[in-house]
Amino acid sequence: MATARLIFDPRLPIGAVNRRVFGSFVEHLGRSVYDGLYEPGHPAADERGFRGDVIELVEQLGVSAIRYPGGNFVSGFRWEDSVGPVAERPARLDLAWHSTESNEVGLHEFSSWLESVGSELMLAVNLGTRGTLEALDLLEYSNLAQGTALADRRAANGRREPFDVRMWCLGNEMDGPWQLGHRSADDYGKLAAQTARAMRAFDPTLELVVCGSSSRHMPTFGEWERVVLNHTYDDVDYISCHAYYEEKNGDLGSFLASAVDMDAFIESVVATIDHVKAVKGSDHVVNISFDEWNVWYNERFEKVDKLTGADNWPVAPRLLEDAYTVADAVVVGNLLISLLKRADRVKSASLAQLVNVIAPIMTEPGGIAWKQTTFFPFALTSALATGSTVTTRVECERYDTADYGSVPTLDAVTTVDEATGRTSIFVVNRSQSETATLELDLSCTAPVTDAVAQTLADTDVHAVNTLENPERVGMVVNDTLVLGDGVATIELPPVSWTVITLS
Ligand code: AHR
């Protein structure tokens with residue numbers, strides 16, 4: 001492969017990196033909560049029943065805001081069931097995942113867990129089977145200091161101080177026919193606008209996320225965003241995007257280029273937001289909350305794991321427990337590059353999900369917790385992508401894919417943090433056979449005195465970390481990095497994700 005070249009220019013910033021881009025998502029689904037972050041009998045559990053080993057890993061992962069409690073789950077959820085004395089909480093059917101929800105962990109417990117991991121709560125309201133009034137009740141229960149029945153009930157339930165939730169999702173994937181209470185864009189837009197205005201009558205500073213499309217490949221994509229924003233534009237701050245990718249039919253080349261799809265998704269939604277803004281003559285800027293993204297072997301779920309049967313409603317079944325490969329981690333790292341590239345408009349994002357369910361962290365009941373391959377690019381990007389994204393150009397070879405046509409072999413983004421003096425370059429090599437030699441042009445930046453690189457790659461691109469072998473895959477120092485005068489070079493192995501830090 002010919003030598004590739006990368007140039008970045010700190011004088012051409014794109015946007016400040018918002019910490020909320022390193023958010024995640026905890027849904028009451030499978031073993032995400034029960035036997036995941038919560039397992040009272042576990043040797044590492046604290047007095048609340050939360051596993052200390054999981055808390056430690058979540059801290060290492062570096063997650064900012066965590067979206068809760070769903071997902072599809074939220075569209076059948078009655079929030080009142082999840083507060084008050086645990087012994088009095090009702091068990092309910094969860095129609096979205098064909099399970100039983102015990103409500104043993106609810107708003108108070110989850111919020112106390114969030115305090116342990118140092119993350120912010122991002123709450124979703126049920127606009128599927130419920131409506132504006134229930135959303136208002138939850139808001140008042142959560143955020144009003146005192147003096148009403150709902151605020152006093154929260155205090156009586158053990159929480160005097162309000163939760164003060166800032167970010168609220170107005171439902172979940174309302175464009176999806178699988179969603180309880182699925183609606184047309186017009187119907188949902190009206191309901192979301194009414195709910196947003198009512199919530200803002202309580203507190204105009206709330207940050208509200210209206211549902212966009214659950215994939216760029218939905219038949220209503222584009223028109224859904226236009227119609228929904230037409231109803232809600234001045235009443236919301238974000239529109240959501242959701243995207244999941246998987247290697248299908250052994251087509252690794254297309255899968256490795258999944259970020260091409262995410263780039264196009266973001267560009268189209270930004271264009272639609274700005275179109276509605278122009279038509280309305282509004283000064284208000286709506287941004288993107290990419291509040292579900294990941295690799296998810298959905299085909300496997302549909303064919304193998306999906307639960308059915310009128311008498312079959314298990315508690316915390318093993319669902320969506322994908323074991324992530326090296327290739328999956330490279331794609332996850334690349335999707336983070338896409339989110340960062342549009343730091344000017346992608347202001348919030350949630351890796352879906354966090355523990356056991358399509359997750360970077362896995363647990364065994366009574367046993368260990370371990371890091372999946374996807375843990376590494378997320379943790380390092382969260383730790384090192386600080387400051388602002390700056391203009392970055394890569395010249396490299398291309399390859400053909402069945403899904404996206406001709407795509408670049410390399411993809412990269414650069415962040416520059418003036419406060420720490422650190423520049424971080426995140427780069428993937430999508431080639432399945434060739435090591436790429438990348439030359440970094442440092443002529444636009446201050447003299448670099450120190451450079452280090454770490455790479456995720458493996459001779460077996462389908463290698464995974466498992467209960468039996470939890471440390472099979474990890475990061476290694478890339479010692480091919482050579483720093484010269486105004487230039488650096490590095491070798492990037494096939495199917496790899498690398499972070500280079502310069503100071
Ligand atoms: O994250 C799993 C599911 O994917 C969520 O519940 C839903 O919102 C999406 O379809």
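Count residues from 1 along the sequence. Here the structure is a predicted model, which means the values were calculated and not measured.
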Exercise. May I ask you to check whether Glu225 and His275 show a side-chain donor-acceptor distance below 3.5 Å?
Key: no
Quiz item: For Pro365 and Arg31, which heavy atoms make the closest approach, and how far apart are they?
Solution: CD-NH1, 3.6 Å
Self-check item: Side-chain (Glu27) to main-chain (Asn72) donor-acceptor, under 3.5 angstrom
Solution: yes
Quiz prompt | Asn126 and Ser75 side chains, donor-acceptor separation under 3.5 Å | solution = no
Exercise. Output the distance between atom OG (Ser258) and atom CD (Glu246), rounded to the nearest 0.5 Å.
Key: 9.5 Å
Quiz prompt | Heavy-atom donor-acceptor pair, Thr373 side chain to Tyr324 backbone, under 3.5 Å | solution = yes
Quiz item: Are Trp113 and Tyr68 an aromatic pair by the rule of ring centers under 6.0 Å?
Solution: no
Quiz item: Are Phe290 and Trp293 close enough that their ring centers fall under 6.0 Å?
Solution: no
Quiz item: What are the two closest non-hydrogen atoms of Gly76 and Thr129, and how far apart are they?
Solution: CA-OG1, 3.8 Å
Quiz item: Does NZ or CZ of Arg300 fall inside the cone over Tyr297's six-membered ring, less than 6.0 Å from its centre and within 45° of the axis?
Solution: yes
Quiz item: Among side-chain atoms of Asn103 and His28, is any donor-acceptor pair under 3.5 angstrom?
Solution: no
Exercise. Check the pair Asp186 / Ser184 against side-chain hydrogen bond (donor to acceptor under 3.5 Å, both in side chains), numbers first and verdict last.
Key: CA-CA 5 Å; Asp186 200 42; Ser184 68; 5.6 Å; no
Quiz prompt | Residue pairs, two or more places apart or on separate chains, that pass ring-ring contact (aromatic ring centres under 6.0 Å, His included) and touch residues 225-244 | solution = Tyr233-His284, Tyr244-Trp296
Quiz item: Checking side chain to side chain contact (heavy atoms under 4.5 Å, CB included) for the pair Leu384/Thr501: CA distance, chi angles, key distance, verdict?
Solution: CA-CA 8 Å; Leu384 298 172; Thr501 46; 3.8 Å; yes
Self-check item: Lys NZ or Arg CZ of Arg216 over Phe221 ring: under 6.0 Å, within 45°
Solution: no
Exercise. Looking only at non-hydrogen atoms, find the nearest pair between Leu351 and Pro360 and report the distance.
Key: CD2-CG, 3.8 Å
Quiz item: Is it true that atom CD of Glu59 has more than 12 heavy atoms of other residues, nucleotides or ligands lying nearer than 6.0 Å?
Solution: yes
Quiz item: Is there a donor-acceptor contact under 3.5 Å linking the side chains of Tyr141 and Glu80?
Solution: no
Taking distance alone, no hydrogens or angles, what donor-acceptor pairs closer than 3.5 Å link side-chain atoms of residues 131-138 to residues at least two apart or in another chain?
residue, atom, partner, partner atom, Å
Thr132, OG1, Gln194, NE2, 2.8
Thr132, OG1, Thr195, OG1, 2.9
Glu134, OE1, Gly131, N, 3.0

Quiz item: Between Ser32 and Asn356, does a side-chain hydrogen bond (donor to acceptor under 3.5 Å, both in side chains) hold up when you go through it step by step?
Solution: CA-CA 5 Å; Ser32 172; Asn356 287 333; over 6 Å; no
Quiz item: Under the side-chain hydrogen bond (donor to acceptor under 3.5 Å, both in side chains) criterion, do Asn287 and Arg342 qualify, and how do the steps go?
Solution: CA-CA 10 Å; Asn287 285 311; Arg342 288 308 307 255; over 6 Å; no
Quiz item: When you check the side-chain N and O atoms of Ser99 and Asp94, is any donor under 3.5 Å from an acceptor?
Solution: no
Quiz item: Can Asp403 and Thr401 be counted as having a side-chain donor-acceptor contact under 3.5 angstrom?
Solution: no
Quiz item: side-chain contact (heavy atoms from CB on, under 4.5 Å) with Val269: which of Thr272, Ile273, Ile266?
Solution: Ile273
Practice problem: Please report the closest heavy-atom contact between Gly62 and Arg19, naming both atoms and the distance. | Solution: O-NH2, 3.4 Å
Exercise. Return yes if a side-chain donor-acceptor contact under 3.5 Å exists between Ser254 and Asp251, otherwise no.
Key: yes
Quiz item: With no hydrogens and no angle check, is any side-chain donor or acceptor of Thr423 less than 3.5 Å from a backbone partner on Val416?
Solution: no
Quiz item: Does a donor on one side chain sit under 3.5 Å from an acceptor on the other, for Arg154 and Ser142?
Solution: no
Quiz item: Residues two or more places apart in sequence or in another chain: which of them pass salt bridge (Lys or Arg N to Asp or Glu O under 4.0 Å) with Asp187?
Solution: none
Quiz prompt | Side-chain donor-acceptor pair present, Ser350, Arg20, cut-off under 3.5 Å | solution = no
Practice problem: Would you mind telling me which of Arg166, Arg345, Arg200 makes a salt bridge (charged side-chain N to carboxylate O under 4.0 Å, His left out) with Asp237? | Solution: Arg200
Self-check item: Sole residue of Asp411, Thr389, Thr391 in side-chain hydrogen bond (donor to acceptor under 3.5 Å, both in side chains) with Lys341
Solution: Asp411
Quiz item: Do Thr415 and Arg422 have side chains that get closer than 4.5 Å, going by heavy atoms?
Solution: no
Quiz item: What are the two closest heavy atoms between Thr363 and Trp370, and how far apart are they?
Solution: C-CZ3, 3.9 Å
Quiz item: Taking all non-hydrogen atoms of both residues, which atom of Phe73 and which atom of Pro69 are closest, and how far apart?
Solution: CD2-O, 3.4 Å
Quiz item: Are Leu61 and Leu354 close enough that some pair of their side-chain heavy atoms sits under 4.5 Å apart?
Solution: yes
Quiz item: Is it true that the side chains of Asn429 and Ser496 contain a donor and an acceptor less than 3.5 Å apart?
Solution: no
Quiz item: For His108 and Arg159, does a side-chain donor sit closer than 3.5 Å to a side-chain acceptor?
Solution: no
Quiz item: So, Asp203 and Thr205: side-chain donor and acceptor under 3.5 Å apart, yes or no?
Solution: yes
